[in-house]
**Q** 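Supplied in structure tokens, the structure appears directly below.
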Amino acid sequence: MSNIVEITDFLAPELDIYARLTEVQLLNNEFPEKGLFIAESPKVIERALDSGYEPVSCLIEKKHIEGEGKRILSRINHVPVFTAEFDILTQLTGFKLTRGMLCAMKRKKLPTVKEICENKKRIVVLDKVMNPTNVGAIIRSAAALGMDAVLLTSGCSDPLYRRAVRVSMGTVFQIEWTFLEDDGLDEIKALGFKTVAMALKDNTLSINDPRLAAEKRLAIIMGTEGDGLSDKTIEGCDYAVKIPMYHGVDSLNVAAASAVAFYQLSKTPNDE
């Protein structure tokens with residue numbers, strides 16, 4: 001393959017994407033249309049390609065050229081593919097964490113909230129969830145457990161940050177998502193959703209309350225690690241819901257709580 005380039009100089013600017021640029025620099029807030037992200041591992045890269053993301057270049061351990069990466073390389077034979085032995089690649093920060101393959105890709109223009117919510121029955125709203133590991137895990141649960149889309153406030157970690165993509169196992173490419181204004185609850189309600197605040201408060205509904213399953217359209221609101229949702233947000237929602245706890249446990253991690261919530265609240269009036 002003529003597009004394969006053996007790495008000889010770690011200071012080559014072509015490798016900046018993998019070795020030296022921060023997540024914020026890749027995001028490129030000043031020129032978002034030029035933003036990039038890094039997909040890790042053959043499975044995740046393939047899911048990104050299947051979802052229409054455009055590759056810029058690839059970095060691969062030499063042994064995977066004729067192995068796990070072969071099928072993907074045949075799909076990206078129009079972009080540079082940088083390669084070296086594993087011992088050399090581990091000099092690049094973070095390469096030990098991958099399954100031998102990284103791909104730099106162009107970001108897409110995000111859809112609007114209205115476009116995302118059209119014809120959806122169950123959506124997730126993340127409010128200031130800052131840890132990319134939690135964002136990735138929540139998106140994976142949302143995709144797996146019947147949610148139709150994910151909205152994030154500006155205080156959330158970006159779903160295309162490298163760790164979030166990795167933890168999600170590429171499901172960030174399989175479920176629709178976009179960013180929401182921090183005061184966007186009114187917009188969600190105007191689109192026909194009843195809002196459900198996940199909150200460790202008194203006077204809340206149990207998560208299996210039949211009134212929730214009876215709602216045709218639900219938006220499940222989950223808050224930041226530690227503090228959860230603000231009182232103002234909870235008061236502005238149609239329902240406040242709590243997951244019952246036992247053995248003196250006061251709460252679950254937001255990612256764990258999301259899996260419980262999505263499984264239960266994915267039920268709709270059409271379900272038996």
**Q** Specify the closest pair of heavy atoms between Leu229 and Ala197, including all atoms of both residues, with the distance to one decimal.
**A** CD1-CB, 3.7 Å
**Q** Is Lys62 paired with Glu6 through a side-chain N to carboxylate O contact shorter than 4.0 Å?
**A** yes
**Q** Could you measure the distance from the CD atom of Glu61 to the CD atom of Glu68? Nearest 0.5 Å is fine.
**A** 10.0 Å
**Q** Please indicate whether Lys121 has more than 12 foreign heavy atoms, meaning atoms of other residues, nucleotides or ligands, lying under 6.0 Å from its NZ.
**A** no
**Q** With the side chain counted from C-beta on, respond yes when Leu160 and Arg107 share a heavy-atom pair under 4.5 Å apart, and no when they do not.
**A** yes
**Q** Enter the distance from Leu191:CG to Arg217:CZ here, rounded to the nearest 0.5 Å.
**A** 7.0 Å
**Q** What heavy-atom pair brings Cys117 and Leu151 nearest, and what distance separates the two atoms?
**A** SG-CD1, 4.2 Å
**Q** Is the shortest heavy-atom distance from the side chain of Ile207 to the side chain of Leu265 under 4.5 Å?
**A** yes
**Q** What are the two closest non-hydrogen atoms of Ala12 and Arg20, and how far apart are they?
**A** O-NH2, 3.1 Å
**Q** Using a 6.0 Å cut-off, check whether atom CD of Glu181 has over 12 heavy atoms from anything other than its own residue.
**A** no
**Q** Kindly indicate, with the supporting measurements, whether the criterion salt bridge (charged side-chain N to carboxylate O under 4.0 Å, His left out) is fulfilled by Arg162 and Glu40.
**A** CA-CA 8 Å; Arg162 188 164 159 179; Glu40 301 183 4; 2.3 Å; yes
**Q** State, yes or no, whether a side-chain contact exists between Thr153 and Leu126 at a heavy-atom distance under 4.5 Å.
**A** no
**Q** If I take atom CD from residue Glu118 and atom OG1 from residue Thr112, how far apart are they, to the nearest 0.5 angstrom?
**A** 9.0 Å
**Q** Find out if a path of hydrophobic residues (ILVMFWY) with successive side-chain heavy-atom gaps under 4.5 Å connects Val172 to Ile45.
**A** yes
**Q** Is the shortest heavy-atom distance from the side chain of Cys156 to the side chain of Met130 under 4.5 Å?
**A** no
**Q** Measure the shortest side-chain to side-chain distance between Leu180 and Leu152 over non-hydrogen atoms and say whether it is less than 4.5 angstrom.
**A** no
**Q** Could you tell me which non-hydrogen atom of Lys267 sits nearest to which non-hydrogen atom of Arg122, and how far apart they are?
**A** O-NH2, 2.6 Å
**Q** A side-chain contact here means heavy atoms from C-beta on lying under 4.5 Å apart; do Ser157 and Asn131 qualify?
**A** no
**Q** Would Lys106 and Glu33 count as a salt bridge (charged side-chain N to carboxylate O under 4.0 Å, His left out) here? Give the steps.
**A** CA-CA 8 Å; Lys106 294 181 180 180; Glu33 70 280 3; over 6 Å; no
**Q** Within 45 degrees of the axis of the six-membered ring of Phe173 and under 6.0 Å from its centre: does Arg47 put its NZ or CZ there?
**A** no
**Q** Can we say Glu46 and Arg71 salt-bridge, meaning some charged N sits less than 4.0 Å from an Asp/Glu carboxylate O?
**A** yes
**Q** So how far is it from Met169 CE to Ser41 OG, rounded to the nearest 0.5 Å?
**A** 5.5 Å
**Q** Do the side chains of Val44 and Val165 get nearer than 4.5 Å, heavy atoms only?
**A** yes
**Q** Determine the sole option in Tyr161, Tyr53, Tyr18 for which the ring pair (Phe, Tyr, Trp, His ring centres under 6.0 Å) test with Phe37 is passed.
**A** Tyr53
**Q** Do any pairs count as a side-chain hydrogen bond (donor to acceptor under 3.5 Å, both in side chains) and have a residue in residues 236-247, sequence neighbours left out, and if so which ones?
**A** Thr195-Asp238, Glu215-Tyr239
**Q** Side-chain contact test, heavy atoms from C-beta onward, threshold under 4.5 Å: evaluate it for Ile60 versus Ile65 and give yes or no.
**A** yes
**Q** Taking all non-hydrogen atoms of both residues into account, name the closest pair between Thr204 and Ala199 and its distance.
**A** CG2-O, 4.1 Å
**Q** Which atom pair, heavy atoms only, marks the closest approach of Ala257 to Ile243?
**A** O-CD1, 3.7 Å
**Q** For Lys216, look at atom NZ and say whether over 12 heavy atoms of other residues, nucleotides or ligands are found less than 6.0 Å away.
**A** no
